[in-house]
Student: 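Sharing a structure here in structure tokens format.
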Protein chains: 2
Amino acid sequence: MDTDEGPPLPLTDMLCFDLYAASRLLTSVYRQVLDPLDLTYPQYLVLVVLWEHGDLSVREVVEQLDLDYGTVSPLLKRLEARGLVVRRRRPEDERSVVVSLTDEGRAMQDRARGVAPAIGAAFGLDEGDAERLRGLLGRVRTSAEEQAVRLAAGAD
Amino acid sequence: MDTDEGPPLPLTDMLCFDLYAASRLLTSVYRQVLDPLDLTYPQYLVLVVLWEHGDLSVREVVEQLDLDYGTVSPLLKRLEARGLVVRRRRPEDERSVVVSLTDEGRAMQDRARGVAPAIGAAFGLDEGDAERLRGLLGRVRTSAEEQAVRLAAGAD
DNA sequence: CACAATTACCTCGTGCACGATGTAGTTGCG
DNA sequence: CGCAACTACATCGTGCACGAGGTAATTGTG
């Protein structure tokens, strides 16, 4: 057992702050790039998964983005108000709502062609380092997921 | 000729999503750990910098956390309402507001002793990988900062 | 001294982000 | 069938997070 309490500012706190700050900073780069398209980063993410997968239920969007219904629901409402997507109840299961791209939503894919390169430049990493970063983040996500479950179980 | 526009889902999009998802996930772990203390993650961050540096002006808190006045101001207001900090106008410069810990704010440091280890477990990285991740994130932050400036200059 | 520029801070509006709660619609089971 | 359990969504309240816009205090300049 390790009773060491570590330095006054433990690495984990700093590491988490780095992650938090880097995430906010990249969102701000997205903001600048997406501003001409009048899109936010989460809205862009929804469009990305729709461009890739076509029609999706709200549930599937929630799963793809790992977000809450309470976040995605009003987000889709705004995208629908903007005319980029439509929401329809599925006839064979009236609980389910299918999200589909409109023509304007599909056209947005062309207008967003410059987004990824600009973000790539923001990272400033070569392919190897980018892959390394992805690997480390993937391990963190897996591990944090487990820890979240562990804590939830412990605080029953 | 090179008409290659890259894969349909470029790595940068996925990498940024990984960062975004990892950041949210770790915040959710913090949420579970900080919930008994009735603190949010940004509130905890403010306390961390105050524990380390002692009295700070609002400006210094903003700089330490790389946040906006519009974010920090109400955040400090809530911390003051909870009795963890006090805000006083600096007599020699009435524009400046000094944030100080109360006794209760200092006492919170003891109660928060378990936070860092729990977060460390969430990362699930050994010291070497943690350092590597920090290094990569540091480079991303530097590079994204430059790109942000570049874009701001380009969109004048 | 006047007064423009700057600094430090606050407030407001919009959009996430999530937990809690509510509500139709569907399924499972005696 | 009757009805409890479950699923898919929506809504609400709170707290960031940031841009825009405002105010008071200080500094710089002629």
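Within every chain, numbering begins at 1; the chains are lettered A, B, ... in the order of the sequence lines, protein sequences first and strands thereafter.
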Student: At their closest point, which heavy atom of A:Trp51 faces which heavy atom of A:Ala112, and how far apart are they?
Tutor: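 Looking at all heavy atoms of both residues, the shortest contact is CH2-CB, 4.0 Å.
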
Student: How many Å lie between CG on B:Asp68 and C1' on D:dG15, as a whole number?
Tutor: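 Spelled out: CG on B:Asp68 to C1' on D:dG15 is 15 Å.
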
Student: Run the side-chain contact (heavy atoms from CB on, under 4.5 Å) check on A:Tyr30 and B:Asp13 step by step: do they pass?
Tutor: CA-CA 10 Å; A:Tyr30 266 111; B:Asp13 269 5; 3.0 Å; yes

Student: Determine whether B:Leu47 and B:Gln109 make a side-chain contact, defined as any pair of heavy atoms from C-beta on separated by less than 4.5 Å.
Tutor: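 With C-beta onward as the side chain, the pair stays apart.
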
Student: Give a yes/no answer on whether the side chain of B:Lys77 brings an N or O atom under 4.0 Å of OP1 or OP2 in D:dG15.
Tutor: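 False: B:Lys77 side-chain N/O out of range (4.0 Å or more) of D:dG15 OP1/OP2.
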
Student: Indicate whether OP1 or OP2 belonging to D:dA8 is found under 4.0 Å from a side-chain N or O atom of A:Arg59.
Tutor: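 Checking D:dA8 against A:Arg59, a side-chain N or O does come within under 4.0 Å of OP1 or OP2.
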
Student: Between A:Pro74 and A:Leu25, just flag the one whose closest nucleotide in DNA chain D comes earlier from the 5' side.
Tutor: A:Pro74

Student: Side-chain N or O of A:Ser96 versus OP1/OP2 of D:dT7: is the shortest distance under 4.0 Å?
Tutor: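 For D:dT7, OP1/OP2 do not have a side-chain N/O of A:Ser96 under 4.0 Å.
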
Student: Between B:Arg141, B:Arg132, B:Arg139, which is the residue that forms a salt bridge (Lys or Arg N to Asp or Glu O under 4.0 Å) with A:Asp18?
Tutor: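 Passing option: B:Arg141.
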
Student: For B:Tyr30 and C:dC18, what is the distance between atoms OH and P respectively, to the nearest whole Å?
Tutor: 17 Å

Student: Of all the choices, C:dC9, D:dC16, C:dA17, which nucleotide is nearest to the side chain of B:Val97 once you look at every atom?
Tutor: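 Nearest to the side-chain atoms of B:Val97, counting from C-beta on, is C:dC9.
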
Student: Look at the side chain of A:Arg31 and decide which nucleotide, out of D:dC18, D:dC9, C:dC16, has an atom nearest to it.
Tutor: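 When the side chain of A:Arg31 is considered, D:dC18 is the closest of D:dC18, D:dC9, C:dC16.
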
Student: Hey, any chance B:Val49 and B:Leu34 share a hydrophobic cluster, counting ILVMFWY side chains that come within less than 4.5 Å of each other, even indirectly?
Tutor: yes

Student: Start at the 5' end of DNA chain C and walk down; is the nucleotide closest to A:Arg90 or to A:Tyr41 reached first?
Tutor: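 Its nearest nucleotide being more 5', the pick is A:Tyr41.
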
Student: Of the options D:dA17, D:dA10, C:dC9, whose atoms approach the side-chain atoms of B:Val58 most closely?
Tutor: C:dC9

Student: Just the rounded figure in Å: distance from C1' of C:dG19 to CG of A:Leu151.
Tutor: 17 Å

Student: With a 4.0 Å limit, can you tell me whether A:Arg87 has a side-chain N or O closer than that to the phosphate oxygens OP1/OP2 of D:dA10?
Tutor: yes

Student: Can you figure out which of C:dC16, C:dA8, C:dT11 approaches the side chain of B:Arg95 most closely?
Tutor: C:dA8

Student: Rounded to whole Å, how long is the line connecting atom CG of B:Leu76 with atom C1' of C:dA8?
Tutor: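 These atoms are roughly 13 Å apart.
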
Student: Answer with base, sugar-phosphate or nothing: what part of the nucleic acid does A:Ser57 contact at a heavy-atom distance below 4.0 Å?
Tutor: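 Since only primed, P, OP1 and OP2 atoms lie under 4.0 Å of A:Ser57, the category is sugar-phosphate.
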
Student: Taking CZ from B:Arg89 and P from D:dT26, how many angstroms apart are they, rounded to a whole number?
Tutor: 10 Å

Student: Of the listed nucleotides (C:dT26, C:dA17, C:dC16), which one gets closest to any side-chain atom of A:Glu94?
Tutor: C:dT26

Student: Out of C:dT26, D:dC18, C:dT6, which has the shortest distance to the side chain of A:Asp93?
Tutor: C:dT26

Student: Using a cut-off of strictly less than 4.0 Å, decide whether A:Tyr69 has a side-chain nitrogen or oxygen near OP1 or OP2 of D:dA10.
Tutor: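 Indeed not, no polar side-chain atom of A:Tyr69 lies that close.
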
Student: Verify the contact: side-chain N or O of A:Thr40 to OP1 or OP2 of C:dC16, cut-off strictly under 4.0 Å; return yes or no.
Tutor: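 It does, given that an N or O in the side chain of A:Thr40 lies less than 4.0 Å from OP1 or OP2 of C:dC16.
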
Student: For B:Arg59 and B:Ser96, does a side-chain donor sit closer than 3.5 Å to a side-chain acceptor?
Tutor: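 No, B:Ser96 and B:Arg59 have no side-chain donor paired with an acceptor closer than 3.5 Å.
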
Student: Could you state the atom-to-atom distance from CG of B:Leu67 to P of C:dC9 in whole Å?
Tutor: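 So the CG-P distance, B:Leu67 to C:dC9, works out to 14 Å.
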
Student: Atom CZ of B:Arg24 to atom C1' of D:dC16: distance rounded to whole Å?
Tutor: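 In whole Å, D:dC16 C1' and B:Arg24 CZ are 14 Å from each other.
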
Student: Does B:Thr71 make a side-chain N or O approach to OP1 or OP2 of D:dA17 shorter than 4.0 Å?
Tutor: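 Checking B:Thr71 against D:dA17: no side-chain N or O falls below 4.0 Å of OP1 or OP2.
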
Student: Measure CZ/B:Arg88 against P/C:dA8 and give the value in whole Å, please.
Tutor: 19 Å

Student: Does a nitrogen or oxygen in the side chain of B:Arg78 sit under 4.0 Å from OP1 or OP2 of D:dC16?
Tutor: yes

